[in-house]
Novice: 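The following block contains the structure, expressed as structure tokens.
By convention in this document, chain letters (A, B, ...) are assigned in the order of the sequence lines, proteins followed by strands, and residues within each chain are numbered from 1. Basis for what follows: all heavy atoms, side chains included, without hydrogens, waters or symmetry-related copies.
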There are 2 protein chains.
Amino acid sequence: MHISFSMPKKPSPDQIIDALSIDCLIFGFNNGRLDILLVKHGEGISKGKWALPGGWIQYNESVNHAAKRILHSLTGISDIYLQQLSVFGDVDRYPGKRVVTIAYYAMVNEEHYSLIPGFTASDVQWYDLHQLPDLLYDHTKIIQHGLKQLRHSVRHEPIGFNLLPKKFTLLKLQELYEAILETKFDKSNFRRKLLKMNLVKPSTEKQQDVSHRAASLYEFDEQRYQQLREKGFAFEL
Amino acid sequence: MHISFSMPKKPSPDQIIDALSIDCLIFGFNNGRLDILLVKHGEGISKGKWALPGGWIQYNESVNHAAKRILHSLTGISDIYLQQLSVFGDVDRYPGKRVVTIAYYAMVNEEHYSLIPGFTASDVQWYDLHQLPDLLYDHTKIIQHGLKQLRHSVRHEPIGFNLLPKKFTLLKLQELYEAILETKFDKSNFRRKLLKMNLVKPSTEKQQDVSHRAASLYEFDEQRYQQLREKGFAFEL
DNA sequence: TTACTTATAGTCAAAATGACCATATATTTA
DNA sequence: TAAATATATGGTCATTTTGACTATAAGTAA
């Protein structure tokens with residue numbers, strides 16, 4: 001049996017937890033299509049391959065902090081609401097080493113962020129959900145799981161507003177839900193239902209530069225949302 | 001700087017991943033009350049303290065497998081549907097060492113299992129949710145999070161049937177939902193709504209040994225549930 | 001002016017909901 | 001044995017919500 005003569009090592013603060021990684025599944029929305037943010041690896045054995053933005057957790061940071069840091073360093077995206085998705089911990093999911101990964105997910109408006117590849121990423125890009133390249137490790141599985149989660153959440157929680165501009169028309173909101181759920185809603189009924197929930201409030205502005213009657217712009221009413229939440233409000237589509 | 005002269009160690013199969021643990025939040029249901037399964041530590045510095053059943057992940061097992069193994073070895077409970085709840089990864093959540101934990105949760109019928117303390121546990125017990133002892137680490141936080149999750153799930157998915165006997169009356173089902181959501185339903189309306197969903201099917205049997213008119217016993221219709229799932233059925237209470 | 005496009009309001013029958021009431025069927029008590 | 005009681009189970013009914021449509025409004029483009 002091999003016995004090390006070294007003393008037990010107290011990890012230095014910026015040393016990583018080597019069996020534990022983070023991967024971020026970022027959904028974007030772009031005229032009717034759902035996109036996913038991918039990075040191209042610029043180093044090591046996986047150089048040139050595409051994957052979800054991911055990396056290692058340091059000893060002196062929380063897991064949630066690590067997720068934000070990693071996403072920012074690889075893609076330039078920051079200040080978004082990253083939520084835990086799931087842990088992927090099969091024995092052979094990562095080559096040559098035992099690595100358990102914690103997947104996070106978020107939804108963002110593509111136009112709000114410029115993509116800046118950094119750290120070990122040589123490229124960052126939005127990919128149409130239906131035209132993804134081959135991905136490293138079990139990242140395809142992570143995406144499938146995330147989609148399932150997204151479709152469930154979007155029916156039972158008022159999410160998805162992050163995918164839209166601050167001010168949006170009701171039709172855009174409808175198209176977003178239709179893209180996520182891959183279904184169609186009746187325009188009139190959708191509008192009626194959503195307005196009755198009071199989650200969106202009308203702004204005074206209207207759509208600009210459209211070749212037809214301009215629609216009113218609405219915005220998500222965060223305050224109202226908090227009020228409803230306290231009452232045990234159940235969002236349902 | 002300290003440099004170790006030992007070779008990089010290839011972990012032996014049953015060696016543990018030392019920065020990563022698992023904790024299990026098991027809900028039980030007992031005449032109208034929600035319970036939580038706790039174990040008393042029988043060894044080490046935390047000896048005598050109560051906590052959620054938890055332990056370390058081995059190199060040669062998946063994370064999901066570890067959860068089942070740990071729960072079984074400490075409490076005797078096996079063959080249940082353990083689901084991931086969340087990861088708790090604050091820097092100081094565990095004393096003296098950086099440990100990220102993956103929390104799992106499940107619901108079981110208390111009568112179906114006998115509790116057998118094993119491994120490092122000197123005792124196992126169901127505790128009324130509202131009368132928990134002091135718990136180790138951040139386990140109180142894990143329970144709070146799990147409750148939130150449970151309350152959300154129970155309104156949007158047909159779960160909770162695991163908490164009941166195989167055959168149950170509609171009133172017992174109602175009492176279960178009332179205990180979880182801490183609310184009251186109208187008996188007649190609850191019955192009408194649930195029966196229309198077709199998720200429970202009547203058995204030929206009736207309640208025994210009650211001092212009033214015996215109610216019909218129903219059981220969860222797994223097949224019907226799968227059918228409905230494929231159609232994109234939305235359970236809502 | 002007309003055609004075309006999308007916005008927005010309204011109609012109406014059917015289904016679901018919430019608050020009740022009524023009766024049925026069992027046990028326990030007087 | 002009759003009455004009291006407890007819960008089961010079914011029904012009523014006004015109100016609300018839904019789903020499928022129709023109609024009109026307000027713009028641009030030809």
Novice: What's the NZ-P distance between B:Lys196 and D:dG10, to the nearest Å?
Specialist: 14 Å

Novice: Could you check how far CD of A:Glu236 sits from C1' of D:dT16, rounded to whole Å?
Specialist: 15 Å

Novice: With side-chain contact (heavy atoms from CB on, under 4.5 Å) as the test, pick out the partner of A:Phe27 among A:Ile180, A:Leu147, A:Val108, A:Leu37.
Specialist: A:Leu147

Novice: C:dA9 C1' sits how many Å from A:Leu195 CG, rounded?
Specialist: 12 Å

Novice: Given atom CG of B:Leu194 and atom P of D:dT9, what is their separation to the nearest angstrom?
Specialist: 14 Å

Novice: I need the CG-P distance between A:Leu217 and C:dA7, as an integer number of Å.
Specialist: 11 Å

Novice: For B:Asp128, check salt bridge (charged side-chain N to carboxylate O under 4.0 Å, His left out) against everything at least two apart and list the hits.
Specialist: B:Arg33

Novice: Using heavy atoms and a sub-4.0 Å distance, could you list which residues of residues 175-191 of chain A are near DNA chain C? By number, please.
Specialist: A:Lys187, A:Ser188, A:Arg191

Novice: Holding to salt bridge (charged side-chain N to carboxylate O under 4.0 Å, His left out), I want the full list of residues that pass it with B:Glu182, two or more places apart in sequence or in another chain.
Specialist: B:Arg151

Novice: Side chains of A:Tyr137 and A:Asp23: any donor to acceptor distance under 3.5 Å?
Specialist: no

Novice: Report the residues that fulfil salt bridge (charged side-chain N to carboxylate O under 4.0 Å, His left out) with B:Asp90, sequence neighbours left out, ordered by chain and then residue number.
Specialist: B:Lys141

Novice: Applying side-chain hydrogen bond (donor to acceptor under 3.5 Å, both in side chains), name anything that partners A:Gln227, two or more places apart in sequence or on another chain.
Specialist: A:Arg224

Novice: Please work out if B:Leu171 contacts a base, only the sugar-phosphate, or nothing of the nucleic acid, heavy-atom cut-off 4.0 Å.
Specialist: sugar-phosphate

Novice: Write down the protein N/O and nucleotide N/O pairs, taken from nucleotides 27-30 of chain D, whose separation is under 3.5 Å; answer none if there are no such pairs.
Specialist:
residue : atom : partner  : partner atom : Å
D:dT28  : O4'  : A:Ser211 : O            : 3.4

Novice: Are B:Tyr177 and B:Phe185 near enough that their ring centres are under 6.0 Å apart?
Specialist: no

Novice: Salt bridge or not for A:Lys167 and A:Glu205, using N-O below 4.0 Å?
Specialist: yes

Novice: Using whole Å, report how far CG of A:Asp209 lies from P of C:dT6.
Specialist: 16 Å

Novice: Please name the residue in the list B:Asp35, B:Leu71, B:Ile36 that meets the side-chain contact (heavy atoms from CB on, under 4.5 Å) test with B:Ile26.
Specialist: B:Leu71

Novice: Using a distance-only criterion (donor-acceptor N/O pair, under 3.5 Å, no hydrogens), is the base of C:dG10 paired with the side chain of A:Arg192?
Specialist: no

Novice: Within the structure, does a side-chain N or O atom of A:Lys193 lie under 4.0 Å from either OP1 or OP2 of D:dT17?
Specialist: no

